[in-house]
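Notes for the one structure printed next.
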Amino acid sequence: MSLTGTLFQITKHVLGIYEQKQARKYLDRVIFLEKEYIREVSKDDSQIDTNYIDHILIELQLISETATTFKK
């Protein structure tokens, strides 16, 4: 598994711990971003939009950082 895949898994796990409505919203977004990431990197090299991948990873990073602020 790649570092990006690991970050997706860790973020989904952390968000899954919390039962707050906001955490569920973020978890849904992470799942969406993961699907988009997989779809994008599965394209032929000439069709991959690296700017979109960067956008996905930046948003994942921001959500991961936000998840660390949730309190149980």
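Only heavy atoms go into these numbers, but all of them, side chains included; no hydrogens, no water, no symmetry mates. Keep in mind the model is a prediction, meaning the values are calculated, not measured.
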Approximate separation, where rounding is to 0.5 Å, of L33 CG and I53 CD1: 12.5 Å
Atom of V41, atom of I48 and distance for their closest heavy-atom approach: O-CD1, 4.1 Å
From H55 atom NE2 to Y37 atom OH, the distance as rounded to the nearest 0.5 Å: 14.5 Å
Atom pair NZ (K12) and CD1 (I63), whose distance is rounded to the nearest 0.5 Å: 12.5 Å
Atom of K43, atom of Q47 and distance for their closest heavy-atom approach: CD-O, 3.8 Å
Qualifying residue, where the test is side chain to side chain contact (heavy atoms under 4.5 Å, CB included) with F8 and the options are I31, L60, L3: L60
Distance (rounded to the nearest 0.5 Å) between E59 CD and L57 CG: 10.5 Å
Members sharing I38's hydrophobic cluster (side chains within less than 4.5 Å): none
Spacing of OG1 belonging to T11 relative to CG belonging to L7, to within rounding of 0.5 Å: 4.0 Å
Worked check of side-chain contact (heavy atoms from CB on, under 4.5 Å) between Q9 and T6: CA-CA 5 Å; Q9 295 302 318; T6 302; 5.7 Å; no
Point-to-point distance, once rounded to the nearest 0.5 Å, from OG1 of T66 to CD of Q61: 10.0 Å
